[in-house]
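To start, the structure under review is shown below, and the notes come after it.
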Amino acid sequence: MKKLFIAEKPSVAKQFAEALGVGTGGGNRGYLENQDYIFTWCVGHLISMSYPEKYDEELKKWKMESLPFIPKEYLYEVIPSVREQFSVVSALLQRKDLETIYICTDSGREGEYIYRLVASQCPEIRAEEKRVWIDSQTKEEILRGIREAKAKAAYDRLGTAAYLRAKEDYLMGINFSRVLTLRYGRELARVLGKEKSTVIAVGRVMSCVLAMIVQREMEIRAFQKTSFWKLLGDFSLDGENTALSCEFRGKEESKHYRESDLYKNMGFLQEEKAMAFQELFKPYPREGIITSLEKKKEVKNPPLLFNLAELQNECAKILKISPDDTLKLVQELYEKKLCTYPRTDARVLSTAVSKEIEKNIRGLSAFPQYLLFTKEILERKSYSGIAKTKYCDDKKITDHYAIIPTGQGRSQYNSLGTLQKKVFDFIVRRFLSIFYPSAEYKKYNLSIAVLEEEFFASEKQLEKPGYLQLYEKSIEKDEKEGDPENEENCVSGLSGLSGLKKGSRVYLMNTALKEGETSPPKRYTSGTMILAMENAGKLIEDESLREQIKGSGIGTSATRAGILTKLEKNEYICLDKKNQQLSPSLLGEKIVQILWNSIPSLLNPTLTASWEKGLSYVEEGKIEEKEYMEKLEDFVRKNTEKVKST
């Protein structure tokens with residue numbers, strides 16, 4: 001009796017074969033076989049849901065009276081382009097000489113769905129089915145996964161959630177796209193200057209994301225910039241040589257202006273008032289008193305590890321590549337054993353992994369560019385207490401822990417392309433940084449009173465680089481740097497001025513006005529959109545805050561990049577490849593207008609995220625399949641009828 005291993009791709013099937021000591025020559029027949037084992041693969045999806053015309057030929061025509069279309073039993077069919085491989089796989093699954101089938105598709109909802117669809121078309125499966133769940137494709141992890149494989153039934157709830165997700169997308173896509181196209185397609189075509197009726201493609205996640213991009217564009221168009229004038233002052237310690245520059249800050253009790261005269265308490269809204277205020281300090285020099293001088297330590301901890309969304313944002317920001325491209329690159333790194341499973345939402349390690357993390361660090365010593373760092377970590381044994389830190393938390397892990405380097409794949413590294421090496425470098429440095437101490441800064445804040453008005457200066461100086469040693473730049477630039485609205489963007493030289501203390505006299509030697517203006521909201525980039533989707537429509541720039549309020553996302557780590565690609569392919573949005581900025585097309589804007597007037601709930605990020613949360617509840621056993629389907633069918637039925645009666 002033999003054991004059959006079924007993977008999602010040929011390359012993965014061969015990794016399993018190698019781990020079990022089986023030669024990988026041949027395989028042209030769609031599988032590998034020896035006296036003990038058989039290895040085969042699915043090449044992605046082999047089965048898909050049938051279109052309505054498979055239920056009834058009449059449903060091929062789009063008609064109002066045939067909607068809503070909600071089948072009692074769903075039909076599935078083999079995808080024509082992969083029919084040959086399906087024949088191979090189905091024949092193998094139903095062989096009578098099989099003892100065990102090991103399901104080795106990707107360890108996630110979609111991987112589960114791929115196998116279960118194939119198995120549903122094979123009525124003669126007699127062998128025991130076991131699920132292999134792994135976090136990387138190293139030999140040790142593959143063998144562990146096989147050794148600890150659970151019965152397929154242990155993942156039934158995950159499988160149910162996968163089927164429900166597909167039915168949800170199918171019902172919303174088929175019904176809403178058809179009813180909206182029939183109702184508004186011709187009018188939309190007329191507005192766009194086209195002859196044929198325009199198809200309106202709608203999706204649970206896709207439409208919500210499109211609305212977010214359109215909404216941001218509307219905010220940018222509605223924005224009216226505000227000019228303001230800052231007063232800068234040059235100060236001297238001795239009344240002769242300028243030592244530092246400060247900015248004026250408003251005071252409530254001032255006799256010379258009202259709060260309404262200032263923008264954010266730091267700049268005059270009218271140039272004339274700014275100039276009149278500037279005249280108050282003449283002639284120079286003008287004596288001032290230091291009213292406060294604060295020196296404090298500021299600590300910056302290493303960031304949490306990468307999940308897919310954070311890595312996609314980093315790559316969009318620095319490498320200017322799309323989330324879809326990032327996913328492909330990191331998937332290749334995973335298949336070459338260089339990193340762990342990429343489609344993860346977690347940013348921490350599991351307790352089990354943290355106990356063996358020394359192996360990953362030692363493995364990275366084989367890469368010359370990381371040797372100095374790994375040597376220091378290993379000598380200090382800074383990995384020994386990692387399980388007790390915020391970087392390890394089993395409660396924040398559902399299917400997989402964060403993306404980290406395996407410490408293996410050195411022989412594969414040289415075959416990587418430039419972009420792959422850069423993405424790998426991001427993952428490695430982020431990983432190694434958690435074993436380094438925090439970066440420490442000395443922060444200075446200074447206030448000077450001149451004619452009962454206040455001038456302010458601040459400076460931040462790196463004292464101990466800590467984990468920043470891992471990066472070429474010694475100080476990470478603040479994202480707000482250069483922003484005219486940034487209240488702490490002050491020119492100063494405080495750290496070099498010894499002897500300064502509260503009550504010291506200084507002298508205002510000169511003043512100058514600097515014009516600034518408010519900035520419009522920024523367009524989403526492909527990276528920030530992924531982050532906004534992960535946080536149910538909220539774009540939170542601050543990384544630590546993102547982690548604190550992280551909740552139900554729109555879509556999943558596995559599907560978000562594909563949503564943006566689909567919107568671009570449908571010509572609903574435009575992606576500027578130079579800066580990865582997203583903007584809506586006229587077609588995209590009109591579709592959002594139509595949805596706003598017909599099915600506005602599709603545009604609500606919170607509601608869209610609640611559907612995803614519902615699928616998680618199914619996985620966790622908190623709600624049953626029947627309850628979910630009833631709510632889904634009711635939602636589809638009500639909204640379809642609403643559009644029909646408009």
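Computed from a predicted structure; not experimentally measured.
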Nearest heavy-atom contact between Asn307 and Ala346 is CB-O, 3.1 Å

For residues Ile554 and Glu612, determine if any side-chain heavy atom of one lies less than 4.5 Å from a side-chain heavy atom of the other.
no

Tell me yes or no: between the side chains of Gln581 and Thr525, is some donor less than 3.5 Å from an acceptor?
no

Determine which pairs satisfy ring-ring contact (aromatic ring centres under 6.0 Å, His included) with at least one residue from residues 591-611, sequence neighbours left out, and list them in order.
Trp611-Tyr628, Trp611-Phe635

Within the 6.0 Å centroid threshold, strictly below: Trp133 and Tyr155
yes

Is there a side-chain contact between Leu180 and Ile599 (heavy atoms, below 4.5 Å)?
yes

Under the side-chain contact (heavy atoms from CB on, under 4.5 Å) rule, what do Ile101 and Ile125 come out as? Steps first, then yes or no, please.
CA-CA 9 Å; Ile101 296 168; Ile125 291 179; 3.8 Å; yes

Hydrogens and angles aside, do Glu129 and Tyr102 bring a side-chain donor and acceptor to less than 3.5 Å of each other?
no

Neighbour count above 12 (heavy atom, 6.0 Å) for Lys320 NZ
yes

Indicate yes or no: does Arg221 engage Glu589 in a salt bridge with an N to O separation below 4.0 Å.
yes

Can you tell which of Ile103, Asp106, Val43 makes a side-chain contact (heavy atoms from CB on, under 4.5 Å) with Glu8?
Asp106

Under 4.0 Å between a Lys/Arg side-chain N and an Asp/Glu carboxylate O for Asp156 and Arg116?
yes

When you compare the side chains of Asp325 and Ser322, does any donor N or O come within less than 3.5 Å of an acceptor on the partner?
yes

Is the shortest distance from a Lys or Arg side-chain nitrogen in Glu335 or Lys9 to a carboxylate oxygen in the other one below 4.0 Å?
yes

Nearest heavy atoms of Leu59 and Pro52, plus distance in Å:
CD1-O, 3.5 Å

For atom CD of Glu84, decide whether the heavy atoms of other residues, nucleotides or ligands shown that lie under 6.0 angstrom number more than 12.
no

Please state whether the rings of Phe16 and Phe5 are parallel, tilted or perpendicular, taking 30° and 60° as the class boundaries.
tilted

With a 4.0 Å cut-off, would you call Lys328 and Glu332 a salt bridge?
no

Flag if over 12 foreign heavy atoms under 6.0 Å of NZ, Lys421
yes

Quick check: do Tyr163 and Thr160 have side-chain heavy atoms less than 4.5 Å from each other?
no

side-chain contact (heavy atoms from CB on, under 4.5 Å) assessment of Cys42 paired with Gln85:
CA-CA 7 Å; Cys42 289; Gln85 185 60 18; over 6 Å; no

Heavy-atom neighbours of Lys569 NZ exceed 12 at 6.0 Å:
no

Could you tell me which residues satisfy side-chain contact (heavy atoms from CB on, under 4.5 Å) with Ser583, sequence neighbours excluded, listed by chain and number?
Glu217, Arg523, Cys574

Output the distance between atom CE (Met172) and atom NZ (Lys167), rounded to the nearest 0.5 Å.
14.0 Å

How far apart are the closest heavy atoms of Leu75 and Lys54, and which atoms are they?
CD1-O, 3.9 Å

Identify the heavy atoms of Pro323 and Leu564 that sit nearest to each other, and give their distance.
CG-CD1, 4.1 Å

With the side chain counted from C-beta on, respond yes when Asp135 and Thr344 share a heavy-atom pair under 4.5 Å apart, and no when they do not.
no

Take Gln580 and Ser526 through the test side-chain hydrogen bond (donor to acceptor under 3.5 Å, both in side chains) and record every step on the way to the result.
CA-CA 6 Å; Gln580 290 294 306; Ser526 59; 2.7 Å; yes

With Lys61, which residues qualify under side-chain contact (heavy atoms from CB on, under 4.5 Å), at least two apart?
Glu58, Lys63

Is the side chain of Gln94 donor-acceptor paired with the backbone N or O of Ser90 at a distance under 3.5 Å, no angle test?
yes

So do the side chains of Gln137 and Val12 get within less than 4.5 Å of each other, counting heavy atoms only?
yes

Enclosure of Glu77 CD (heavy-atom neighbours >12, cutoff 6.0 Å)
yes

What's the verdict on side-chain contact (heavy atoms from CB on, under 4.5 Å) for Leu327 and Arg343, showing C-alpha distance, side-chain angles and the deciding distance?
CA-CA 8 Å; Leu327 178 54; Arg343 293 173 173 85; 4.1 Å; yes

Across all chains, not counting sequence neighbours, the side chain to side chain donor-acceptor pair (under 3.5 Å) partners of Gln593 are none

How close do Gln121 and Tyr76 get, heavy atom to heavy atom, and via which atoms?
NE2-CB, 3.9 Å

Between the side chains of Lys626 and Glu624, is the shortest nitrogen-to-carboxylate-oxygen separation below 4.0 Å, so that they form an ion pair?
no

Keeping the roles fixed (side chain from Thr528, backbone from Tyr524), state whether a donor-acceptor pair exists under 3.5 Å.
no

Output field: ring centroids Tyr334/Tyr341 closer than 6.0 Å:
yes

Tell me whether Arg83 forms a cation-pi arrangement with Phe86, defined as NZ or CZ under 6.0 Å from the six-membered ring centre and within 45 degrees of its axis.
no

SG on Cys122 to CZ on Arg95, rounded to 0.5 Å
13.5 Å

Hey, are Lys638 and Asp634 close enough for a salt bridge, meaning a charged N less than 4.0 Å from a carboxylate O?
yes

Separation between OG1 (Thr640) and CD (Glu633), nearest 0.5 Å, reads 11.5 Å

Minimum side-chain heavy-atom gap Glu619-Arg109 below 4.5 Å:
yes

CD1 (Ile573) and CG (Leu567) are apart, to the nearest 0.5 Å, by 4.5 Å

Taking atom types as modelled, is there a side-chain donor on Gln312 or Asp324 under 3.5 Å from an acceptor on the other?
no

Name all residues meeting the side-chain contact (heavy atoms from CB on, under 4.5 Å) criterion together with Ala189; count only those two or more places apart in sequence or in a different chain, and write none if there are none.
Lys194, Thr198

Measure the spacing between CD1 of Ile200 and CG of Asn570 and express it to the nearest 0.5 Å.
12.0 Å

Distance check, rounded to the nearest 0.5 Å: Ile623 atom CD1 versus Tyr617 atom OH?
8.5 Å

In terms of side-chain geometry, is the basic nitrogen of Lys577 or Glu568 positioned less than 4.0 Å from the acidic oxygen of its partner?
yes

Taking all atoms of both residues into account, what is the closest heavy-atom pair of Val89 and Leu46, and its distance?
CG2-CD1, 4.2 Å

Side-chain (Thr646) to main-chain (Lys642) donor-acceptor, under 3.5 angstrom:
yes

Residues forming a side-chain contact (heavy atoms from CB on, under 4.5 Å) with Glu110, sequence neighbours excluded
His45, Tyr113, Arg165

Is there a side-chain contact (heavy atoms from CB on, under 4.5 Å) between Val643 and Leu67 once you walk through the steps?
CA-CA 11 Å; Val643 176; Leu67 299 173; over 6 Å; no

Compare all side-chain heavy atoms of Leu93 with those of Tyr115 and state whether any distance is below 4.5 angstrom.
yes

Are the side chains of Asn175 and Val202 in touch, meaning some heavy atoms are under 4.5 Å apart?
no

